[in-house]
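Encoded as structure tokens, the structure appears first; notes follow it.
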Amino acid sequence: PGTSGSRSSEDQSQPSAGKGAGCTALLVAVVSRKLELTRAEKHVHNFMMDTQLTKRLKNAATNVLRETWLIYKHTRLVKRVNPGKVRTHQRKFLLAIYALRKVKMDQRKLLDNANTITDMAKTQNTVYEIVSDMSTRQDTLEERLSIIDDKIAALQEQLRLLPDIISSTLQAHTEKMDQRRNFLHPESAAGLQQARSVPPGCPWPSPALPLVKPSQASTTSQS
């Protein structure tokens, strides 16, 4: 009975422990979300921290210079050197150097965090500009493609009409040449027209070209 009672108590404690861990995790998540700074608050915080670190850096650099001057004073400008004072200022000099290094390290960390925030904003702006530029180029490319399609269609139409234009031009040129020939040589043009009117394979000559007898040909040659 004692063993069964202990087991039952352990079984009851396990679900309660799981609920407690879940509640704790939920509480931590909510509190961390509430305590998280916004972008504007982060910029203000970084600015204030930068100002504070700059002041600390100036103080640390001043302490280093002061201790350096005091070490020089107690070792070079006195007739009798006091080892206790020299060691004290040397100890303060080392502490000042350590403080200066720590401030510089804190400044570097703050600068890295600020650069991370700024880089994220710059990256977002850069991506937006790239997307806008790509969209503009795509619209311009589509307009050019539509213009090229229209020009290709017009060129195809002109190529389709080109045989008719060539035939009409050749016909007009032939008619013009015939008119010029008729104007310059009307007799030859009439004979050519009669020759064209005679059907092919006709055995008799054309009336426009009379037969010449041999006697007439010789008389004509003698004269």
Side-chain angles (χ1 to χ4, degrees), residues 6 9-147:
S6 62
S9 61
E10 289 179 358
D11 294 337
Q12 291 178 1
S13 62
Q14 287 179 357
S16 61
K19 291 180 180 179
C23 293
T24 304
L26 181 62
L27 181 62
V28 170
V30 172
V31 172
S32 62
R33 182 64 61 87
K34 292 295 182 181
L35 294 177
E36 186 179 0
L37 298 177
T38 61
R39 182 178 295 177
E41 292 174 349
K42 286 180 181 179
H43 282 295
V44 174
H45 175 71
N46 290 332
F47 177 76
M48 297 299 294
M49 289 296 295
D50 187 23
T51 304
Q52 185 179 0
L53 289 175
T54 303
K55 291 181 180 179
R56 289 173 55 188
L57 181 64
K58 290 180 180 180
N59 294 330
T62 305
N63 292 331
V64 171
L65 293 175
R66 184 187 64 188
E67 298 302 328
T68 304
W69 164 248
L70 291 175
I71 291 172
Y72 178 78
K73 177 182 177 182
H74 289 288
T75 55
R76 299 293 182 180
L77 300 180
V78 294
K79 295 180 179 180
R80 187 174 181 179
V81 178
N82 189 353
K85 289 184 178 180
V86 172
R87 282 195 295 271
T88 302
H89 290 297
Q90 287 178 350
R91 196 178 299 112
K92 290 182 179 180
F93 175 73
L94 294 176
L95 291 175
I97 291 177
Y98 176 76
L100 182 64
R101 290 180 179 177
K102 187 175 184 303
V103 171
K104 286 186 177 180
M105 185 63 68
D106 293 339
Q107 270 191 337
R108 193 175 293 111
K109 290 180 181 179
L110 181 63
L111 185 61
D112 291 339
N113 293 331
N115 288 335
T116 303
I117 298 173
T118 307
D119 290 340
M120 290 178 62
K122 287 183 179 180
T123 304
Q124 185 177 1
N125 293 332
T126 304
V127 170
Y128 179 74
E129 290 178 358
I130 291 173
V131 171
S132 300
D133 190 14
M134 290 179 62
S135 178
T136 305
R137 290 185 179 182
Q138 185 177 1
D139 295 338
T140 306
L141 183 61
E142 289 179 357
E143 291 178 0
R144 290 183 179 180
L145 288 176
S146 63
I147 293 172

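Using a 4.5 Å cut-off on side-chain heavy atoms (C-beta onward), E67 and L94 make no contact. With contacts defined as side-chain heavy-atom distances shorter than 4.5 Å, the pair M49/Q52 qualifies. Within the 4.5 Å cutoff, no side-chain heavy atoms of I147 are placed close to those of R144. Within the 4.5 Å cutoff, side-chain heavy atoms of Q90 are placed close to those of I71. Using a 4.5 Å heavy-atom threshold, the side chains of R56 and K102 count as touching.
Summarising the geometry, atom CG belonging to D106 is positioned 12.5 Å from atom CG belonging to L111; distances are rounded to the nearest 0.5 Å. In this structure, the separation between CZ on R66 and CG on N59 is 10.0 Å, given to the nearest 0.5 Å. Rounding to the nearest 0.5 Å places CD1 of I130 at 13.5 Å from OG of S135. Atom OG1 in T75 sits 10.0 Å away from atom CG in L70 (nearest 0.5 Å). Separation of atoms NE2 (H89) and CG (N82) is listed at 9.0 Å; rounding is to 0.5 Å. Interatomic distance, L145 CG to E143 CD, rounded to the nearest 0.5 Å: 10.5 Å.
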For side chain to side chain contact (heavy atoms under 4.5 Å, CB included), just list the numbers for K104 and R101, CA-CA rounded to whole Å, side-chain angles, deciding distance to a tenth of an Å, and then say yes or no.
CA-CA 5 Å; K104 286 186 177 180; R101 290 180 179 177; 5.7 Å; no

Take N63 and K92 through the side chain to side chain contact (heavy atoms under 4.5 Å, CB included) test and state the conclusion after the steps.
CA-CA 8 Å; N63 292 331; K92 290 182 179 180; over 6 Å; no

Applying side chain to side chain contact (heavy atoms under 4.5 Å, CB included), run through R91 and T88 and close with a yes or a no.
CA-CA 5 Å; R91 196 178 299 112; T88 302; 4.2 Å; yes

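Shown here for A60 and A99, the closest heavy-atom pair between the two residues is CB-C, 4.3 Å. Annotation for V81 and V86: closest pair CG1-CG2, 3.9 Å, computed over non-hydrogen atoms. Shortest non-hydrogen contact noted between N46 and L110 is OD1-CD1, 3.3 Å.
Contacts of D133 classified as salt bridge (Lys or Arg N to Asp or Glu O under 4.0 Å), with partners at least two apart in sequence or in another chain: R137.
Within the 3.5 Å criterion, the main-chain N or O of K58 finds a donor-acceptor partner in the side chain of T62.
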